[in-house]
Amino acid sequence: MGVTELGKLIGKEARREAKLEALAGRCVALDAYNALYQFLASIRQPDGTPLMDRAGRITSHISGLFYRTINLMEAGIKPVYVFDGKPPEFKLAEIEERRRAKEKATEELVRAIKEGRRDEVAKYAKRAIFLTNEMVEDAKRLLTYMGVPWVQAPSEGEAQAAYMARRGHCWAVGSQDYDSLLFGSPRLVRNLAASPKRKVGDEVVELSPEIIELDTVLKSLRLRSREQLIDLAILLGTDYNPDGVPGIGPQRALKLIWEFGSLEKLLDTVLRGVTFPIDPVEIKRFFLNPPVTDTYTTDVTKPDDAKLREFLVHEHDFGEERVERALERLKKAMGKLRTSALDSFF
DNA sequence: CGCAATAA
DNA sequence: TTATTGCGG
């Protein structure tokens with residue numbers, strides 16, 4: 001997923017650890033799909049079963065989105081969630097490939113359950129996650145009832161989020177993936193969660209929010225421009241060409257960009273004769289000029305208590321007491337958010 | 001993941 | 001108050 005290889009090239013010097021409160025008063029454009037997938041993968045019972053309501057509908061994503069968003073707002077962060085739209089044509093092959101992989105995982109899951117291999121069940125359950133339309137609609141409804149703004153991207157969510165950050169409507173993009181940097185976000189915040197601890201395998205490690213600035217990344221990699229970062233990423237592999245250029249790893253790719261200056265130059269020289277499943281220049285054009293919309297707001301509004309209760313407690317069987325407590329926290333956080341917004345304005 | 005009951 | 005554990009839906 002994303003530009004994993006590029007992430008490996010971004011060293012410690014370009015990453016800044018921060019407390020959640022350090023982002024107080026700032027708007028963060030969050031990649032909604034990224035968040036939902038994480039909740040679906042991690043909010044599970046030990047046997048791999050996700051949270052479900054009485055009707056058997058999965059609710060892990062609702063729980064995660066609800067409580068985390070409140071935590072972010074309590075820290076003074078103004079969230080705006082960005083949902084993916086229609087992917088570009090040249091991503092369809094990759095999407096199909098992922099779907100195949102998930103179907104295979106689903107088959108493995110069924111087999112593991114049948115044969116009672118508990119640990120394998122959890123493993124395949126995570127690989128077999130499908131984000132359904134209903135889940136996405138759940139998330140949008142929840143945010144609407146909470147008074148939290150969300151944006152429907154015309155194409156890639158990361159592109160839309162980066163655009164909002166570029167225009168200064170948000171301070172950063174919040175995602176685990178690095179793609180927003182390629183789309184030009186000046187800042188990326190990873191690990192944007194309240195919980196300071198997270199399980200990695202059997203070990204419990206501290207994972208605090210991490211701020212990555214585009215300018216710092218460029219400097220640390222000795223690149224002249226975002227274009228060169230995009231070129232580098234395309235050599236290593238992106239969502240649109242996951243394999244990158246076979247035989248070219250991180251170090252070699254970096255050297256090639258330093259030496260030749262651009263992807264186009266490389267295609268004319270070192271990479272002449274190499275064929276690509278997707279035209280790399282088309283991918284580059286997309287990163288530089290993706291479809292985005294100006295139709296959005298980043299304003300929070302008053303939550304709709306009645307609809308929230310109806311949705312969470314009655315429709316999805318959330319505990320009434322928990323919901324009431326969370327609602328109080330939400331309203332309190334929202335009040336402070338509005339006050340501090342005025343404070344910073346004057 | 002994040003909450004909440006419980007232990008220390 | 002902080003750390004641990006198990007449940008939430």
Side-chain angles (χ1 to χ4, degrees), chain A residues 1 18-21 23 28 30-77 79 81 113 118-119 121-132 134-143 145-146 148 174-177 189-210 303 307-334:
Chain A
M1 290 288 272
K19 289 226 161 91
L20 211 55
E21 289 70 24
L23 309 179
V28 178
L30 295 141
D31 181 344
Y33 275 61
N34 192 268
L36 294 178
Y37 266 112
Q38 284 188 335
F39 293 137
L40 288 170
S42 59
I43 305 182
R44 282 163 186 276
Q45 293 172 320
D47 69 352
T49 316
L51 301 185
M52 288 183 291
D53 62 23
R54 187 173 17 188
R57 293 172 300 206
I58 292 173
T59 54
S60 295
H61 58 303
I62 302 174
S63 176
L65 189 62
F66 183 54
Y67 293 115
R68 177 178 289 178
T69 302
I70 292 172
N71 281 335
L72 296 181
M73 293 173 80
E74 274 185 330
I77 295 167
Y81 284 89
I113 291 170
R118 298 287 289 272
D119 47 340
V121 171
K123 183 174 85 178
Y124 290 121
K126 286 185 186 183
R127 281 193 204 164
I129 296 168
F130 284 92
L131 193 55
T132 65
E134 190 182 12
M135 290 175 185
V136 173
E137 291 311 310
D138 282 339
K140 289 174 177 175
R141 278 176 70 199
L142 176 70
L143 293 171
Y145 300 155
M146 289 175 79
V148 173
S175 175
Q176 289 305 102
D177 293 340
V189 186
R190 302 181 71 244
N191 310 328
L192 198 53
S195 168
K197 284 176 194 156
R198 205 164 112 183
K199 269 168 249 148
V200 174
D202 289 333
E203 303 294 303
V204 177
V205 296
E206 302 272 328
L207 259 193
S208 50
E210 173 182 75
K307 286 207 167 120
L308 266 177
R309 284 192 197 100
E310 175 60 28
F311 178 72
L312 292 173
V313 179
H314 298 112
E315 197 170 330
H316 290 299
D317 300 327
F318 277 60
E320 195 164 358
E321 240 176 44
R322 279 186 180 225
V323 169
E324 289 306 324
R325 261 194 292 269
L327 237 159
E328 284 314 306
R329 288 173 55 204
L330 172 64
K331 284 193 271 195
K332 195 173 165 196
M334 191 138 321

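Letters A, B, ... are given to chains in the order of the sequence lines, protein chains preceding strands, and every chain is numbered from 1. As the structure is a computational prediction, the values presented were derived from the model and not from experiment.
When the P atom of B:dG2 is taken as reference, atom CE of A:Met73 falls 16 Å away, rounded to whole Å. If you measure from atom CG of A:Leu40 to atom P of C:dG9, you get 16 Å, rounded to the nearest angstrom. When the P atom of C:dC7 is taken as reference, atom CG of A:Asp317 falls 19 Å away, rounded to whole Å. Rounded to a whole Å, the CG atom of A:Leu65 is 13 Å from the P atom of B:dC3. Distance A:Glu320 CD to C:dG8 P: 16 Å, rounded to the nearest Å. A:Leu20 has its CG atom 13 Å from the C1' atom of B:dG2, to the nearest Å. If you take CG of A:Asp47 and C1' of C:dG6, they are 14 Å apart, rounded to a whole angstrom. For A:Glu324 and B:dA4, the CD to P distance is 12 Å, given to the nearest whole Å.
Picking from C:dG8, C:dG9, B:dC3 the nucleotide with the shortest atom distance to the side chain of A:Ile43 gives C:dG8. Out of C:dG8, B:dC3, C:dG9, the shortest distance to the side chain of A:Arg329 is found at B:dC3.
Close to B:dC3, at under 4.0 Å from its OP1 or OP2, lies no side-chain N or O of A:Arg325. Here A:Arg322 does not reach the OP1 or OP2 of B:dC3: none of its side-chain N or O atoms lies under 4.0 Å away.
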Q: Step by step, work out the side-chain hydrogen bond (donor to acceptor under 3.5 Å, both in side chains) result for A:Ser175 and A:Asp177.
A: CA-CA 5 Å; A:Ser175 175; A:Asp177 293 340; 4.6 Å; no
Q: Apply salt bridge (charged side-chain N to carboxylate O under 4.0 Å, His left out) to A:Arg309 and A:Glu324, showing your working.
A: CA-CA 8 Å; A:Arg309 284 192 197 100; A:Glu324 289 306 324; 2.5 Å; yes
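Non-hydrogen atoms lying under 4.0 Å from DNA chain C are contributed by A:Thr59, all within residues 53-63 of chain A.
In this structure a side-chain-to-backbone donor-acceptor pair under 3.5 Å is missing from A:Asn191 to A:Glu210. Between the A:Arg57 side chain and the A:Glu315 main chain, a donor and an acceptor come within less than 3.5 Å of each other. Judged by distance alone, with hydrogens and angles left aside, the side-chain atoms of A:Arg329 form no donor-acceptor pair with the main-chain N or O of A:Arg325 at under 3.5 Å.
For A:Lys19, the side chain to side chain contact (heavy atoms under 4.5 Å, CB included) partners are A:Glu21, not counting sequence neighbours.
The aromatic rings of A:Phe318 and A:Tyr67 sit tilted, their planes meeting at an angle between 30° and 60°.
Within 4.0 Å (heavy atoms only), A:Pro50 reaches at least one base atom of the nucleic acid. Looking at heavy-atom distances under 4.0 Å, A:Gly319 makes contact with sugar-phosphate atoms alone, never a base.
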